[in-house]
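What's counted below: heavy atoms across the whole structure, side chains too, no hydrogens, waters or symmetry copies.
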Amino acid sequence: MCATCGCDDEATVRVLGPDGIRQPSHDHEHEHEHGHEHEHGRTVVLQQKVLAKNDSLAAANRAWLAERGILAINLMSSPGAGKTTLLERTAREAGPELGLSVIEGDQETTLDAARIEAAGCPVAQINTGAGCHLDASMVARGLHALAPRPGSLLVIENVGNLVCPALFDLGEAARVVIASVPEGADKPAKYPQMFRDADLVLLSKVDLLPYLDFDTARHAADLARISPRTRILPVSARTGEGLPAWYDWLRQRSG
């Protein structure tokens, strides 16, 4: 069990390619420490220990990526916000130029990895089992399996969750959070930790704005209060609105 959030820590890494799924790997990701939930001091110590170990592994990931000139983006959102759909279109329209590869994080299945692979993008699938987030150790094994080329762009699609992924540094150079219009405008206020460290917030599915009661002014004001430096970029993976600006942002970060 993960001492920080209580999730299971079993993970499987698979790489999708022309011959289908290969390179399965089963490992435990966190130290197994056992405490009692009611022992508050003990729980805090275990949380600190887990996060400290993860931060050390994340620093190693960051150094590995920097040595090869690889830009790693940690892409996070709640389930269904549109991460995979955005990456599919990104892979088709800008993937070859950017040298895009993807690490997919899901609890089960290779459904999203198959979609990314079909869009022409190298991809490694990490299945976390009962785990609710990726951690630096999982990503390290994903990097080893995927082997992104030097000078390329790597997007890590985290498990859909607005809580735990925010706590775990993966070694990324930037964090991008997708907030979709159907979710409602209150997400920055309700999940400040996730949005506080975001370099960019993609407001997705903006083609639905005429049909939903989404307060864009409130959303922008809450985000500005929580993280004044964070930029908001409205996008629609269906219509293509805002995607050129998204590609430009990736180019600027890659350069």
Worksheet entry | Heavy-atom side-chain proximity of Asp106 to Val159 below 4.5 angstrom | no
Worksheet entry | Arg14 vs Asn127 side-chain heavy atoms within contact, under 4.5 Å | yes
Discussion item. Once you measure the plane-to-plane angle for Phe168 and His133, does it fall in the parallel (<30°), tilted (30-60°) or perpendicular (>60°) bin?
Written reply: parallel
Practice prompt. For the residue pair Asn158 and Asn74, confirm or rule out a side-chain donor-acceptor distance under 3.5 Å.
Written response: yes
Discussion item. Any carboxylate oxygen within less than 4.0 angstrom of a Lys/Arg side-chain nitrogen, looking at Asp199 and Arg231?
Written reply: no
Worksheet item: Thinking salt bridges, do Arg238 and Asp207 make one under a 4.0 Å N-O criterion?
Response: yes
Heavy-atom closest contact ([X] atom, [Y] atom, distance):
X	Y	value
Gly105	Gln125	C-NE2, 4.1 Å
Ala140	Asn61	CB-OD1, 3.3 Å
Ala189	Arg225	CB-NH2, 4.1 Å
Val206	Pro234	CG1-CB, 3.8 Å
Leu100	Pro122	O-CD, 3.4 Å
Ser137	Leu57	CB-CD1, 3.8 Å

So how far is it from [X] [atom1] to [Y] [atom2], rounded to the nearest 0.5 Å?
X	Y	atom1	atom2	answer
Lys187	Phe195	NZ	CZ	8.5 Å
Ser254	Ile70	OG	CD1	11.0 Å
Leu75	Leu154	CG	CG	11.0 Å
Glu183	Ser77	CD	OG	6.5 Å
Arg251	Leu153	CZ	CG	11.0 Å
Leu250	Thr90	CG	OG1	7.0 Å

Worksheet item: So, does Ser180 use its side chain to make a donor-acceptor pair with the main chain of Ser204 at under 3.5 Å?
Response: no
Worksheet entry | Side-chain donor or acceptor of Asn161 paired with backbone N/O of Cys132 under 3.5 Å | yes
Discussion item. Evaluate Leu202 against Ile232 for side-chain contact (heavy atoms from CB on, under 4.5 Å), listing each step before the verdict.
Written reply: CA-CA 6 Å; Leu202 296 175; Ile232 300 176; over 6 Å; no
Worksheet entry | Verdict with reasoning, Leu208 to Lys205, per side-chain contact (heavy atoms from CB on, under 4.5 Å) | CA-CA 6 Å; Leu208 297 178; Lys205 307 184 183 182; 4.1 Å; yes
Worksheet entry | Within 45° cone and under 6.0 Å: Arg68 NZ/CZ vs Trp64 ring | yes
Worksheet item: Between Asp186 and Arg218, does a side-chain contact (heavy atoms from CB on, under 4.5 Å) hold up when you go through it step by step?
Response: CA-CA 8 Å; Asp186 58 359; Arg218 174 187 175 183; 3.4 Å; yes
Test applied, side chain to side chain contact (heavy atoms under 4.5 Å, CB included); reference residue, [X]; option that passes from [options]:
X	options	result
Tyr247	Gln252, Arg89, Glu97	Arg89
Pro148	Ile103, Leu71, Leu143	Leu143
Ile116	Val155, Thr110, Val102	Val102

Worksheet item: Can Arg115 and Thr85 be said to form a side-chain hydrogen bond (donor to acceptor under 3.5 Å, both in side chains), step by step?
Response: CA-CA 9 Å; Arg115 290 169 58 185; Thr85 302; 3.0 Å; yes
Worksheet item: Is there a salt bridge (charged side-chain N to carboxylate O under 4.0 Å, His left out) between Lys83 and Asp112 once you walk through the steps?
Response: CA-CA 10 Å; Lys83 296 189 299 298; Asp112 286 353; over 6 Å; no
Discussion item. Using the rule given for side-chain contact (heavy atoms from CB on, under 4.5 Å), can you reason through Phe214 versus Leu203, listing the C-alpha separation, both sets of side-chain angles and the distance that settles it, and then say yes or no?
Written reply: CA-CA 11 Å; Phe214 185 93; Leu203 181 61; 3.6 Å; yes
